[in-house]
Amino acid sequence: MKNTESILKNIENLKKSASDEISNNSQKSDLEDWRIKYLGRNGELSSLMKIMKDISPDEKRIIGPKLNQLKNDLNHLFESFQLNNSQTQKYVDNFDITLPGRNISHGTLHPTTLIIREICDAFRSMGFQIHEGNEIETEKYNFDLLNIPDDHPARDQWDTIWLNLTNNENNYLLRTHTSPMQARIMEKNNPPIRVVVPGKCYRYEATDATHEWEFHQIEGLAIDKKISFSELKGTLYQMARKIFGSDQQVRFRCDFFPFVEPGVDMSILWEGRWIEILGAGMVHPKVLTGVGYDPNEYSGFAFGIGPERVSMLKNKIKDIRNFHANDLRFLSQFVN
Ligand code: DAH
């Protein structure tokens, strides 16, 4: 039995040294040396095989299958390394150094970012600063200070996602528009004020091709002494020409928003139809008094634009939900 054990040990050792050696081979010629050393007629495997004729039948029953297994293992090892080598060789033979390299793919800015930058740039060129605000707002700023009291039917227009953060003084929500920044900016600054506020807004409503529950707005606010309605018109007309082209026509019509008086919407003539792109108006005296401004001293205008809607017109996008679907086939079409 002692003899059997030591033969088995030899088989084990041979397998180990053969596989260690072949893995360390680097040259094609080494592989042939390896084959001769282990699988050749006078190689290690055949000399181990010679034991078979000197051992008892009982031992043969144990050792025989092990030797066969070893032979198969060594042959497999050889074949697999031979295959690898020939593939490497083929690759080296066919390598064409004149082939152009593969492009490294760059990301692009999101279409919403692009249109927000474009619109903000248009206002910046007219002296507006850019400011951002929080997406979590209080009821006071989102509604009350904008002349939208609790029982006002206009609150229906701003279906609200309320947050579970109520404390004694405030009810919190995800802002339904960027207009709350009007009051925040007026409270912290003295006129003259000219500012645009891009940012994300949320509404608790069903989505369809023209409505998303998560979308962007760009709020605008200009406050100074003697600001008139014609300045509102001139500024927004100029913005439309910068974004859509110098011959762009616009139309203003009366509209109602509780925080402006008078209120308007502005449409652009686009492919033969008038399409509304923003709401605007002269800042309501109640909004001015709410933040401590004297409406007899200061006046101003405000506006709110939906940048995704503007991008949809410019880029012929049919469904607003594309902006949040995260589909690269859509996103990669916008090159900055
Ligand atoms: N906040 C309004 C909305 O979400 C848009 C708006 C209209 C903003 C008129 C304004 C404005 O500043 O003057 O529908």
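Since the structure is predicted, the reported quantities are computational estimates derived from the model, not experimental observations. Just follow the structure's listing: the first ligand is 1, and inside any ligand the first atom is 1. Positions are given from 1, in the same order as the sequence printed here. Only heavy atoms go into these numbers, but all of them, side chains included; no hydrogens, no water, no symmetry mates.
Within ligand 1, the atoms closer than 4.0 Å to a non-hydrogen atom of G279 are 7 (C), 9 (C), 11 (C), numbered from 1 in the order shown. Against a heavy-atom cut-off of under 4.0 Å, V260 is close to the following atoms of ligand 1: 13 (O). The G281 neighbourhood of ligand 1 comprises atoms 13 (O), with distances under 4.0 Å to a heavy atom of that residue. Interface atoms of ligand 1 facing A302, defined by a heavy-atom separation under 4.0 Å, are 12 (O), 13 (O). Heavy-atom contacts of F303 reach the following atoms of ligand 1: 8 (C), 10 (C), 11 (C), 12 (O), 13 (O) (cutoff under 4.0 Å).
To the nearest 0.5 Å, the span separating CD1 on I275 from CG on L269 amounts to 9.0 Å. Atom CG of D144 is separated from atom CD of E139 by 5.5 Å, given to the nearest 0.5 angstrom. The distance from atom CZ of R155 to atom CG of D150, rounded to the nearest 0.5 Å, is 4.5 Å.
For the pair R175 and Y202, the NZ or CZ position fails the cation-pi test of under 6.0 Å to the six-membered ring centre and within 45 degrees of the ring normal.
A side-chain donor from one of N142 and T176 sits under 3.5 Å from a side-chain acceptor of the other. Under the 3.5 Å distance criterion, with hydrogens and angles disregarded, a donor-acceptor pair is assigned to the side chains of E21 and Y38.
Closest heavy-atom approach to atom 1 (N) of ligand 1 among the candidates S179, G306, P180: S179. Distances from atom 3 (C) of ligand 1 to the heavy atoms of R175, E219, Q217, Q182 put Q217 nearest.
In terms of protein heavy-atom proximity, atom 11 (C) of ligand 1 is closest to F259 CE1, 3.5 Å. Of all protein heavy atoms, the one lying nearest to atom 14 (O) of ligand 1 is R203 NH2, 3.9 Å. Atom 5 (C) of ligand 1 has as its closest protein heavy atom G304 CA, 4.2 Å.
Of the possible polar contacts, one joining the K314 side chain to the I243 backbone as a donor-acceptor pair under 3.5 Å is found.
Ring geometry, F303 versus F123: the interplanar angle falls under 30°, so the pair is classed parallel (tilted spans 30 to 60°).
Residue contacts with ligand 1, taken as heavy atom pairs separated by less than 4.0 Å, do not involve F301 at all.
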